[in-house]
Amino acid sequence: MLDAKRLTILTESAKYDVSCSSSGSARKNSGGIGNASYGGICHSFTTDGRCISLLKILMTNKCAYDCLYCVNRRSNDVPRASATPDEICEVTMEFYKRNYIEGLFLSSAVEGNPDKTMELLLETVIKLRKVYGFNGYIHLKGIPGADKLLLDRAGSYVDRMSFNIELPSEKSLKMLAPQKSRKSIFLPMSNMATEYIMARKEKNYRFLPAGQTTQMIIGASPETDGQIIKLTEGLYDRFKLKRVYFSSYVPTNYKTSLLPTTPVGLLREHRLYQADWLLRFYGFKADELLSTDENFDLSVDPKCSWALKNMHLFPVEVNTAKPEMLLRVPGIGFKSASKIVAARKYSKLDFNDLLKMRVVLKRAVHFITCNGKFCGQEKLTAVKNIIALSERADTYEQISMFSTNDITFSVLGGEL
Ligand code: SF4
């Protein structure tokens, strides 16, 4: 049985990986214990506010590699531990039965070599499924450089796999993680994507029902947000990833001058997640959001930032604008755009209607007309200041759709 000391070491060592949030798997229970939930598994929060949902543990933190940014690197003097496949299975089952967890996120440092490590991970998930009858959600970390057969087999037992890119460029990988290369990470991602697409076509072939994800560390190396977003777009297009996770760099190594000594602010990570959302759901292209030598303006969100750079496209008339253009209006989200498109077939919409549809008017008002009426600010700097102020207020107030003391009130002539 895995003792508390090793359990602590192995779970502590896994906490820097953020690529584990589960966004659902439709796999059915085939007679074992537990269910992989379509709507996500469970939610818990780490001390720095990140949402985790699974028992997140390493098989071992004894690493043969020496990635400078990583707490588990070979040259770091930290307590080391390993677990056997049976120990991981037992602790997962025990925690599951006690309702502590609803799934497993299993990763590992590279002990010995990639094949040996991947064999142990594979043995663990096979045992969990076949011997222990565990039918809950499993997210398995793939080890770059491991044999394709091992990786493919793992993909048929687990819900999700991820290969972490870690750093956004080959140059940074060479500098900070010399044993890794882009090719060794992209190749298994590409193979997994091919199998995943095939499995979607074949009825009885189950392979990574929850797809694959990856993680990038932000701010450990000098790449701009523009480069990161461009890479993110490529990963979605080429490898059909479900998610790209961004992890703000946290210093764990003060012995090298190659890494920053201060953490990267979470706001930068937040802006990248907002941009990622725009790529996946709002029809934006990376090039539209930023050029590769730019970083996001931290004072406003990327959609507002884009709109402010493209004021010549606004205001748009909500009663006639194309749906794809409505989606680009700050303050109009996917749901409110759909409601607008559905409702305007029957009657002309006014600002009051938009308010009822939960359009965030304090932002949208500067970019729209309603029946030809414009109630926003025309001056770019004034618009930016109002939006930046409202964003700052939202971070303290929890997103308020409209408040009685700002521009929204004056738009409606005090009708709120
Ligand atoms: S391979 Fe690199 S990132 Fe992974 S555990 Fe080892 S040192 Fe850390």
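Being a predicted model, the structure only gives us computed values, none of them experimental.
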(request) Taking the six-membered ring for Trp and the full ring for Phe, Tyr or His, determine whether the centres of Phe239 and Phe186 are under 6.0 Å apart. (result) yes
(message) Can you confirm if the aromatic rings of Tyr249 and Tyr69 lie within a centre distance of less than 6.0 Å?
(response) no
Under the 3.5 angstrom rule, does the side chain of [X] hit a backbone N or O of [Y] as a donor-acceptor pair?
{"X": "Asn72", "Y": "Ala109", "value": "no"}
{"X": "Asn113", "Y": "Asp115", "value": "yes"}
{"X": "Asn371", "Y": "Lys373", "value": "no"}
{"X": "Arg74", "Y": "Lys62", "value": "no"}
{"X": "Thr224", "Y": "Thr292", "value": "yes"}
{"X": "Ser172", "Y": "Pro168", "value": "no"}
{"X": "Asn164", "Y": "Glu166", "value": "no"}
{"X": "Tyr65", "Y": "Val110", "value": "no"}
{"X": "Ser184", "Y": "Lys180", "value": "no"}
{"X": "Gln212", "Y": "Met189", "value": "yes"}

More than 12 heavy atoms of other residues, nucleotides or ligands under 6.0 Å from [atom1] of [X]: is that the case?
{"X": "Lys348", "atom1": "NZ", "answer": "no"}
{"X": "Lys174", "atom1": "NZ", "answer": "no"}
{"X": "Phe281", "atom1": "CZ", "answer": "yes"}

Is the shortest heavy-atom distance from the side chain of [X] to the side chain of [Y] under 4.5 Å?
{"X": "Met118", "Y": "Asp147", "value": "no"}
{"X": "Phe207", "Y": "Glu202", "value": "no"}
{"X": "Leu106", "Y": "Thr124", "value": "yes"}
{"X": "Glu111", "Y": "Met59", "value": "no"}
{"X": "Phe314", "Y": "His366", "value": "no"}
{"X": "Glu294", "Y": "Asp225", "value": "no"}
{"X": "Asp276", "Y": "Tyr245", "value": "no"}
{"X": "Pro251", "Y": "Leu259", "value": "no"}

Inter-residue atom distance [X].[atom1] - [Y].[atom2], 0.5 Å rounding:
{"X": "Arg271", "Y": "Phe296", "atom1": "CZ", "atom2": "CZ", "value": "9.5 Å"}
{"X": "Arg238", "Y": "Leu231", "atom1": "CZ", "atom2": "CG", "value": "9.5 Å"}
{"X": "Thr213", "Y": "Met161", "atom1": "OG1", "atom2": "CE", "value": "10.0 Å"}
{"X": "Leu267", "Y": "Leu298", "atom1": "CG", "atom2": "CG", "value": "4.5 Å"}
{"X": "Asp152", "Y": "Leu122", "atom1": "CG", "atom2": "CG", "value": "10.5 Å"}
{"X": "Thr11", "Y": "Arg6", "atom1": "OG1", "atom2": "CZ", "value": "12.0 Å"}

Under 3.5 Å side-chain donor-acceptor pair for [X] and [Y]:
{"X": "Thr320", "Y": "Glu317", "value": "no"}
{"X": "Lys141", "Y": "Ser162", "value": "yes"}
{"X": "Ser75", "Y": "Asp66", "value": "yes"}

(request) Scan Val359, Ile332, Ile368 and name whichever one has a side chain to side chain contact (heavy atoms under 4.5 Å, CB included) with Leu326. (result) Ile332
Taking all non-hydrogen atoms of both residues, which atom of [X] and which atom of [Y] are closest, and how far apart?
{"X": "Thr369", "Y": "Phe374", "answer": "CG2-CB, 3.9 Å"}
{"X": "Val264", "Y": "Ile218", "answer": "CG2-O, 3.5 Å"}
{"X": "Tyr196", "Y": "Gly211", "answer": "CE1-CA, 3.7 Å"}
{"X": "Tyr282", "Y": "Lys303", "answer": "CE2-NZ, 3.7 Å"}
{"X": "Leu10", "Y": "Asn61", "answer": "CD2-N, 3.8 Å"}

(message) Students often mix this up, so state it plainly: with edges at 30° and 60°, are the rings of Tyr96 and Phe134 parallel, tilted or perpendicular?
(response) perpendicular
Between [X] and [Y], is there a side-chain N and carboxylate O pair less than 4.0 Å apart?
{"X": "Arg129", "Y": "Asp159", "answer": "yes"}
{"X": "Glu324", "Y": "Arg328", "answer": "no"}
{"X": "Glu223", "Y": "Lys171", "answer": "no"}
{"X": "Lys339", "Y": "Asp353", "answer": "no"}
{"X": "Glu233", "Y": "Lys230", "answer": "yes"}

(request) Start with the C-alpha gap between Arg363 and Asp301, add the side-chain angles, then the distance that decides, and say whether salt bridge (charged side-chain N to carboxylate O under 4.0 Å, His left out) holds. (result) CA-CA 11 Å; Arg363 289 181 201 184; Asp301 67 76; 3.4 Å; yes
